[in-house]
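Reviewing the structure listed below.
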Amino acid sequence: MKKLFTTLSNIWKIQELKERILFTLLILLVYRFVSHVVLPGVDPTALGNNEKSGILGLLDMFAGGSFSRVSILALGVMPYISASIVVQLLGIAVPSFQKMQKEGESGRKKMNQITRYLTVAITIVQSVGYVKTQVPAEAILLPNTLFLVLSTFVLTAGTLFVMWLGEKITDKGIGNGTSLIIMVGIIARLPVAISQEFSARVGSASEGGGPVALVLEIVALFAVVMFTILIVQGVRKVPVQYAKKIVGNRQFGGVRQYIPLKVNAAGVMPIIFAQALMFIPGALMQFVPSLQGSWLIQFSNTTSLAYSLTFAFLIIAFTFFYTAITVNPTQMSDDMKKNGGFIPGVKPGFATSTFIDDVISKITFPGAVFLAIIAILPSIAVKFGIKQEFAHFFGGTSLLILVGVVLDTLQQIESYLLMRHYDGLMKTGRVTGRTGVPAASSNAAL
């Protein structure tokens, strides 16, 4: 406990870090306040119980409940994330985007501008769909056409406002702004989830298991979080030796560094892609009523064995796919060769790229399996009688985002502490983020 208070005191002594943390908290407070503002022309009292389930429930969680409240920030930052994913995939498949990626700062600015324009287009389309399908007709106080046009403008402006807040946090605050906004939205649902679980367990001890069951759930949640941290931070360090160069009386190179190849290089993307596919059967049954009694009905139950096995298989497949398109062993080998680096015992060039590809394949499979386990843990938790709202925190996209964002933010805080010659946050080692690189480390990822 003394170490904790000492660390907090050191953080407060660094003026720049203190200002960044306070600025971040202020922006997040503004976001949470604005998220409770309802769309113009909507009667809040007529919304009733507007809770969402399935993929809409996931979007509502990312938006911190704004989606179900019909807030002006109902779409949140998700259109911006969708646009970023599209631009990232274009950077892999389209030569002109690949060229922009290699142009340095100017190329990055061009891609950011394209991402913003694409965000506006995606938000307009999603706004129209949201107003037509998610806003109850009895809650609308304006003529339908006027309400549709007005809401589209307001929802688009709301998404751009959230995007602007995220960029301000990234520039003047601490951590990644967009990730922090999503994390705050997820955490905002935690008190309600705990309250519901507490009422279910302690309120009816004879049926819910009492306080003992609640304590066991908390312990299980703690163990799942620790397991998720291991997956997020797990890396395989491939040694890289650089040749010595003597210029005059000085020696350059000759040092050994490491390439941190992540066990889970794909992050949460495989779960997002798999979830999108798993909701296709439900959509088909809605549009084709004759399919409602077919075998597709078992995929509408997220706790069924067929759903969990199919979901896990898709996650493993998408993990290999996304890792293959984002990690390029050939480019890594070429960069090493240009900088005079080589892996000990492996010839430069094709042999190096083959070696790296083989290592990635070996570590990706256990990473994909563990990721699939984390993804289906909420379904398993529901089977054990845990409420759906609280079960979301036992795994899936929400838990991976929470763990990853917290680690990245702590890594930035630790960097400030170490640069000012203070002790870090941990006694046993330095905090590493999702990149697997320690704070203030000289051995950066290649």
Side-chain angles (χ1 to χ4, degrees), residues 21 23-39 44 47 50-85 119 122-123 126-127 130 134 154-170 173-196 221 225 228 232 267-269 271-272 275-276 378 387-409 434:
I21 293 176
F23 180 82
T24 301
L25 294 176
L26 176 62
I27 294 295
L28 294 177
L29 182 63
V30 170
Y31 165 72
R32 290 302 303 162
F33 177 78
V34 178
S35 67
H36 286 80
V37 179
V38 181
L39 275 175
L47 292 176
N50 198 28
E51 291 185 2
K52 307 298 179 181
S53 60
I55 193 170
L56 297 181
L58 184 66
L59 294 176
D60 190 35
M61 175 177 287
F62 288 163
S66 300
F67 195 91
S68 58
R69 286 194 297 266
V70 194
S71 165
I72 61 175
L73 305 183
L75 300 181
V77 76
M78 295 309 295
Y80 176 68
I81 293 176
S82 301
S84 300
I85 293 173
T119 300
I122 293 175
T123 307
Q126 291 185 355
S127 299
Y130 176 79
Q134 302 304 317
V154 173
L155 288 171
T156 303
T159 294
L160 295 179
F161 176 68
V162 176
M163 183 179 69
W164 179 78
L165 291 179
E167 291 179 350
K168 285 300 178 183
I169 292 176
T170 303
I174 193 78
N176 182 281
T178 303
S179 300
L180 281 172
I181 286 175
I182 296 176
M183 185 192 75
V184 168
I186 295 174
I187 292 180
R189 307 295 294 271
L190 184 59
V192 177
I194 293 178
S195 175
Q196 292 179 356
L221 179 60
V225 172
T228 306
V232 171
V268 300
M269 296 309 300
I271 298 181
I272 294 176
Q275 279 177 330
K387 292 291 185 181
Q388 184 78 37
E389 191 77 15
F390 189 55
H392 280 302
F393 294 93
F394 276 80
T397 312
S398 56
L399 182 60
L400 286 170
I401 291 176
L402 287 175
V403 170
V405 174
V406 170
L407 287 175
D408 287 346
T409 305
R434 282 174 285 191

Ile181 vs Leu165, side-chain contact (heavy atoms from CB on, under 4.5 Å): CA-CA, chis, key distance, verdict: CA-CA 9 Å; Ile181 286 175; Leu165 291 179; 4.2 Å; yes
Residues in side-chain contact (heavy atoms from CB on, under 4.5 Å) contact with Pro79, at least two apart in sequence or another chain: Leu75, Thr119, Ile122, Thr123, Gln126, Thr159
Stepwise side-chain contact (heavy atoms from CB on, under 4.5 Å) check, Met183 with Leu180: CA-CA 5 Å; Met183 185 192 75; Leu180 281 172; 3.8 Å; yes
Side chains of Val232 and Leu407 in contact at under 4.5 Å (non-hydrogen atoms): yes
Least distance between heavy atoms, Gly158 atom then Leu73 atom: O-CD2, 3.4 Å
Sidechain-backbone polar pair: Ser179 side chain, Val405 backbone, donor-acceptor under 3.5 Å: no
Ser82 (side chain) donor-acceptor with Met78 (main chain) under 3.5 angstrom: yes
side-chain contact (heavy atoms from CB on, under 4.5 Å) between Phe394 and Leu221, worked out: CA-CA 6 Å; Phe394 276 80; Leu221 179 60; 4.0 Å; yes
Ile186 side, atom CD1; Ile401 side, atom CD1 - distance, nearest 0.5 Å: 4.5 Å
Under the side-chain contact (heavy atoms from CB on, under 4.5 Å) test, residues paired with Val30 that sit two or more places apart: Val34, Phe161
Where Ser35 and Ser71 come nearest, the two heavy atoms and their spacing: O-OG, 2.7 Å
Test ring-ring contact (aromatic ring centres under 6.0 Å, His included) applied to Phe393 - qualifying residues, sequence neighbours left out: none
ring-ring contact (aromatic ring centres under 6.0 Å, His included) against Tyr80, all qualifying residues, sequence neighbours excluded: none
Check: Tyr130 side chain, Phe67 main-chain N or O, donor-acceptor pair, under 3.5 Å: yes
Contacts of type side-chain contact (heavy atoms from CB on, under 4.5 Å), residue Ile85, not counting sequence neighbours: Ile81, Leu89, Met269, Phe273
Least distance between heavy atoms, Val38 atom then Pro44 atom: CG2-CG, 4.1 Å
Derivation and outcome, side-chain contact (heavy atoms from CB on, under 4.5 Å), residues Leu160 and Met163: CA-CA 5 Å; Leu160 295 179; Met163 183 179 69; 3.7 Å; yes
Sidechain-backbone polar pair: Ser195 side chain, Val192 backbone, donor-acceptor under 3.5 Å: no
side-chain contact (heavy atoms from CB on, under 4.5 Å) against Val37, all qualifying residues, sequence neighbours excluded: Ile72
Leu399 side, atom CG; Thr228 side, atom OG1 - distance, nearest 0.5 Å: 4.0 Å
Expected output: side-chain Thr178 to main-chain Gly166 donor-acceptor under 3.5 Å: no
Flag, side chain of Ser398 to backbone of His392, donor-acceptor distance under 3.5 Å: yes
